[in-house]
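What follows is one structure encoded as structure tokens, with my remarks underneath.
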Amino acid sequence: MSRNAESTAFRSALEVIRAVEPRVADAIGAELTDQRESLKLIASENYASPATLLAMGNWFSDKYAEGTVGRRFYAGCQNVDTVEALAAEHARELFGASHAYVQPHSGIDANLVAFWAILADRVEAPALKRAQARHVNDLTEADWFTLRRELGDQRMLGMSLDAGGHLTHGFRPNISGKMFDQRSYGTDPATGLIDYDKVAAAAREFKPLILVAGYSAYPRKVNFRIMREIADSVGATFMVDMAHFAGLVAGKVFTGDFDPVPHAHIVTTTTHKSLRGPRGGMVLCGPELADQVDRGCPMVLGGPLPHVMAAKAVALAEARRPDFADYASRIVGNAQALAEGLVRRGANLVTGGTDNHLVLIDVSSYGLTGRQAEQALLDSGIVTNRNAVPQDPNGAWYTSGIRIGTPALTTRGLGTAEMDTTAELIHTVLDRTAPGANADGTPSKAKYVLDPAIADKVSRQAGELLTGYPLYPSVDLA
Ligand code: DSN
């Protein structure tokens, strides 16, 4: 696609928007400038292609399409059928899955679809059978009461939040924690790694209906073959949330025991992280759960977003191209170079390094909380996010960690040499930042002291690093 065509498309779109609400057009333009100028190291973010972005901005947004391909509750869905079928086909081919459901609007939605598909299969279907009913509407009041109790009385075992698990894997502030009786498995305090024997022991003791694997802040691979064996040994359904590392699975960096698709009963993901698609979710499964998964809407989802499904189809088609595998392997090479650069300069990393796209720095060795470090880095033009580390004494708000990831910078084209420079910039900021104090002199977990001259210098250096790697070089809004 020519630079001209993409520039014209985005410029024209902004002109049309500006005619109605110029402040929105300005904010869209400003967002591009901000993204172009910052060293984005947020592990869960990326830059979708112009084709993916443009596929979302159109009249598909106007269409209701509850139901599934060829079986809708609304008329006139033939074009939505086309894009939904295409997105699902690309997903199946890309991941080697027998079934793909591309309607979830986000990762939490994908997880809810999976949880309720499992509950429908493991709890509701047997209850219907026992009552000799075909549909929940056919149950007596008493049987319905019993079933509702049973649905709300199931167990889930997932990775603990401070070991890198995700809020949607059964934690109380999230709906999943209110639905399930949840227990967590953590990581070995000495190595920071998952201890599979301990997971197996926890599964034997707790006997969960669902064993969940997947993470948002664990810098290593997970052996899904072993996790499946553990699930099978206690009769649990094995679910993997691969939202963070779907791009590494798609790009065949995670294969064999580390590819969740052949091992899990059901796999969920977002489409916008390392997979580099539009914001959204997706569920993959085998034939046993396919019918239940397809009931995601209206079970827990509103009408599908056809414009986003169109963009999913485009992004998944991109991920099937051979250059995506190269991209995925560069993500990991860059994360490892970043980790090595940080360790060489004295940083303390959870597990000492990384096998995937993310690195977790324990900033307590710099005398800082995650919150202080996050802000000091932001002042210096480096965008990261604070994150708890295992057994974090500062909890989930202040934290003791900084999570950094390489999918976005790798999309821009930065390589291992630039990652070493990035490590130098991060280390400089953390090393030169001191914890601050409250007005009464007590230590603060949020305030910090960083010489503005250092922040400015690092900011300039970060900008220089990016000049060789323009973001959306095909898009000129001037
Ligand atoms: N917000 C995403 C992340 O940063 O990991 C997942 O919820």
Side-chain angles (χ1 to χ4, degrees), residues 35 38-48 104-115 156 158-177 182 184 187 212-222 239-249 254 260 267-283 300-301 308 331-332 335 338 350-351 354-361 370-371 373-375 377-378 382-390 392 395-411:
Q35 295 218 16
S38 58
L39 201 62
K40 178 155 98 171
L41 283 161
I42 294 186
S44 48
E45 292 187 8
N46 211 326
Y47 305 108
H105 310 162
S106 66
I108 177 174
D109 287 352
N111 285 348
L112 279 175
V113 170
F115 296 149
M156 172 193 294
M159 192 172 196
S160 72
L161 263 187
D162 73 349
H166 195 256
L167 197 65
T168 58
H169 300 172
F171 295 94
R172 289 180 187 180
N174 178 256
I175 181 74
S176 56
Q182 195 263 17
S184 308
T187 46
V212 183
Y215 52 79
S216 59
Y218 179 67
R220 295 292 176 180
K221 293 196 242 191
V222 176
M239 169 176 158
V240 176
D241 178 346
M242 66 169 181
H244 260 262
F245 52 91
L248 307 185
V249 178
F254 286 1
V267 176
T268 61
T269 186
T270 52
T271 45
H272 50 274
K273 297 188 175 86
S274 54
L275 195 51
R276 208 165 56 180
R279 299 198 73 81
M282 195 161 73
V283 181
V300 294
L301 301 175
V308 181
I331 291 176
V332 178
L338 191 51
V350 173
T351 78
T354 181
D355 296 329
N356 57 26
H357 63 298
L358 72 87
V359 174
L360 194 56
I361 312 173
R371 189 168 160 151
E374 178 191 79
Q375 279 303 316
L377 288 166
L378 192 62
I382 302 173
V383 189
T384 64
N385 68 280
R386 64 188 187 280
N387 208 103
V389 299
D392 199 315
W397 180 250
Y398 292 108
T399 82
S400 303
I402 284 289
R403 186 186 69 165
I404 50 182
T406 52
L409 290 185
T410 306
T411 294

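Read the numbers this way: they start at 1 and go in the same order the structure lists the ligands and their atoms. Everything quoted here is computed from the prediction, not taken from an experiment.
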Among non-hydrogen protein atoms, atom 1 (N) of ligand 1 lies closest to Ser44 OG, 4.5 Å

Under 4.0 Å from one or more heavy atoms of His166, ligand 1 contributes atoms 6 (C), 7 (O)

| message | Less than 3.5 Å apart, any donor N or O on the side chain of Thr399 or Arg386 sitting next to an acceptor on the other? | response | no

Return yes if a side-chain donor-acceptor contact under 3.5 Å exists between His169 and Asp241, otherwise no. yes

Heavy-atom closest pair (Arg403 atom, Leu358 atom, distance to 0.1 Å) is CG-CD1, 4.5 Å

Near Arg403 (heavy-atom distance under 4.0 Å), the atoms of ligand 1 are 3 (C), 4 (O), 5 (O)

Test Leu41 against Leu338 for side-chain contact (heavy atoms from CB on, under 4.5 Å), laying out the working first. CA-CA 11 Å; Leu41 283 161; Leu338 191 51; 4.1 Å; yes

Under 4.0 Å from one or more heavy atoms of Ser216, ligand 1 contributes atoms 5 (O)

Under 4.0 Å from one or more heavy atoms of His244, ligand 1 contributes atoms 3 (C), 5 (O)

Report the C-alpha distance between Thr268 and Phe115 in whole Å, list the side-chain angles of each, state the deciding distance to 0.1 Å, and finish with yes or no for side-chain contact (heavy atoms from CB on, under 4.5 Å). CA-CA 10 Å; Thr268 61; Phe115 296 149; over 6 Å; no

re atom 2 (C) of ligand 1, the protein heavy-atom contact at minimum distance is Lys273 CE, 3.7 Å

